[in-house]
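Chain letters run A, B, ... following the sequence lines, proteins first, then strands; residues in each count from 1. Just so it is clear, the structure is predicted and the values come from calculations on it, not from any experiment.
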Amino acid sequence: MAVRPSPGGSEGGGVPDRPVIRIYNTLTRSKDPFTPLAGDTVRMYVCGVTVYDRAHVGHARSAVVFDVIRRHLAFRGYQVRFVKNFTDVDDKIIRRANDEGVPASAISARYIEEYRKDMATLGVRPADEEPKATDHVPRMIGLIQRLLKVGMAYEAGGDVFFEVRKFPRYGKLSGKHLSELLAGVRVEVDERKHDPLDFVLWKASKPGEPSWPSPWGPGRPGWHIECSAMAIHYLGESFDIHGGGEDLIFPHHENEIAQSEGATGRPFARFWVHNGLANLGSQKMSKSLGNTQTIHDLARRHPPDALRLYLLGTHYRHPLDFAEARIEDAERSLERFDVLFETAGRLAARGAPAPGADGGLLEALAELRTRVETALDDDFNTPRALAALFEMASALHAYREATDRGERPGGPFLVGVGELLALGGVLGLFEKPRDAAPPPEVLARIEALVRARDQARARRDWKAADQLRGELQALGATTEDTPQGTRWKWAPR
RNA sequence: GGCGGCGUAGCCAAGUGGCCAAGGCGGAGGUCUGCAAAACCUCUAUUCAGCGGUUCGAAUCCGCUCGCCGCCUCCA
């Protein structure tokens, strides 16, 4: 099917009836309606991590936020081509390698693996491409050569610099003016620079550093050039969305724009999306401040969905204060969903539940579903989407009670839980079973104790029953007595 | 100093001109239960940092004041 023209001045995507997604664009400082450049395909590049240490809450936030953005775009019917890079050559990696007496590549390989493991436990789906800077050095060199050719860069003693004054739109993303930036220059100025704001595209390598051959001698790429080169390579010279933490707006993203547009003469990314930072005790969380909480540790103490719920409970552009107590809050609130899934599982296991009059359940859920969808369409408002998800849970619980009393058929309940699961999936929630089953020997012991307790209860021997409940609790099983008999939940710790 | 943002209930957090100011955690009472647990129901901000202004109408717009944070340097 050919791209059809859209008369009447409707959205340019050529797909009728698709709800408009509005995205806050740092470039325009406003929420703009989003349409991709080419048909249904959304091309999106996000700055990943520099791999010299484990991922912390801030990295997780960014990853989860862009994971949700990607999921929602896909949910709305776009083909998303998502690229997220690894910066695997950098001063800090080199320093760490020297400290440990291993090659830089060993450090980066180690932390790439750790990052991937951490993100997998958080339910962050891998990007379609996860390129490493060191695999694209020739492309960076090519881009630098283009810049030299058009006169926007110059070489000086094995280094190559970008000449900021040659790019008139410099500062358009960060809202900074050259004159003000000049006044604020705080770093020592390399006197080979034509202008203090010029930044390095290529640096000659010092002894003991990783290096690549280049027309300017052995060296390594500057930080910013890798993202330009990789984004252009995987997504083209112009693409839809470029993301990252808001601390990257200046200078990283500003410089990326200058380099890319300077070289290609075409607009680089159309939408710039930046997530707010994670704070610890009203201070920015960062490795250099040493106040980080690693995902590795956090994931040992909390279920992944609790971490996700916590991260998505604040709008992505606002600062997020880290407090473990809030993750615990999220963990508690998750139980309301878990009970639902458990009940549904039990119902389904019992055979095809009866369809029938749903007492308005499905209609109520449909309305809530719309609320989830429109919340996400509105600049990915996950807190609002979550609120609607919680209301769906309430409606389902109320219905569940009616089902227990035999007043309502189980069929609509199962349908509703399916809806909830599907919508949670847009946020990456409810994808994994909460807790693994207990080990077989523990399971057998638990089941024996539950039976013994049921017998004690039948004898109305409350003392024995309470004691057995205590033993079960010690094993990690919480009992619940229901009209249908005793149930137990596996929740060790 | 320049640029950007925030201040909503005990805590967290949506809402950015007009139904009763979402939702979660916590708390109180109730239903159910042998007691619990879980769930459900009800309640928990006449008010949105403060002071002025615009408007028929503002948490939402404008001005000022106070407090807090980010970027301007490697950083998600």
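For A/His56, whose side chain is taken as the heavy atoms from C-beta onward, the closest listed nucleotide among B/A76, B/C3, B/A14 is B/A76. Side-chain atoms of A/Asp466 lie closest to B/C35 of the nucleotides B/C25, B/C35, B/C40. Taking every side-chain heavy atom of A/Arg336 into account, B/G24 is the closest of B/G24, B/C71, B/A22. Checking B/C72, B/A22, B/G34 against the side-chain heavy atoms of A/Lys176 singles out B/C72 as nearest.
A/His318 comes within contact range of the sugar-phosphate backbone alone, with a heavy-atom separation under 4.0 Å but no base atom that close. Nucleic acid contact class of A/Glu391 (heavy atoms, under 4.0 Å, all strands): sugar-phosphate only. Within 4.0 Å of A/Asn381, counting heavy atoms only, lie sugar-phosphate atoms of the nucleic acid but no base atom.
Taking the P atoms as reference points, B/G27 lies 16 Å from B/G10, given to the whole Å. Taking the C1' atoms as reference points, B/C62 lies 37 Å from B/C25, given to the whole Å. Comparing B/C51 with B/G18, their C1' atoms are spaced 25 Å from each other, to the whole Å. Here the separation of B/G24 from B/U60, taken at their C1' atoms, is 23 Å to the nearest Å. Between the P atoms of B/U16 and B/C6, the separation comes to 12 Å (whole Å). Taking atom C1' on both B/G26 and B/A13, the two are 14 Å apart, rounded to the nearest angstrom. Here, B/G17 and B/U55 have their C1' atoms 9 Å apart, quoted to the whole Å. For B/C74 and B/G5, the P atoms lie 23 Å apart once the distance is rounded to whole Å.
For A/Arg460, the CZ atom sits in a loose shell: 12 or fewer heavy atoms of surrounding residues, nucleotides or ligands are nearer than 6.0 Å. Crowding of A/Arg110 atom CZ: a count of heavy atoms from other residues, nucleotides or ligands under 6.0 Å exceeding 12.
Helical stems in RNA chain B, defined as runs of 3 or more consecutive Watson-Crick or G-U wobble pairs with donor-acceptor distances under 3.5 Å: B:1-7 with B:66-72, B:10-12 with B:23-25, B:26-31 with B:39-44, B:49-53 with B:61-65.
A stacking contact links A/Trp462 to B/G34: the aromatic ring centre lies within less than 5.5 Å of the base's six-membered ring centre, and the planes differ by less than 30°.
Proximity of residues 60-71 of chain A to RNA chain B (heavy atom under 4.0 angstrom from any strand atom) is restricted to A/Ser62.
A donor and an acceptor atom sit less than 3.5 Å apart, one in the side chain of A/Arg469 and one in the base of B/C35. In this model, a side-chain donor or acceptor of A/Asp481 finds a partner on the base of B/C35 within 3.5 Å. For B/G26, its base never sits under 3.5 Å from the side chain of A/Asp329 at any donor and acceptor pair.
Ring-plane geometry between A/His242 and A/Phe268 is classed as tilted, the angle between the planes lying from 30 to 60 degrees on a 0 to 90 degree scale.
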Apply side-chain hydrogen bond (donor to acceptor under 3.5 Å, both in side chains) to A/Tyr234 and A/His136, showing your working.
CA-CA 11 Å; A/Tyr234 288 99; A/His136 298 76; 2.8 Å; yes
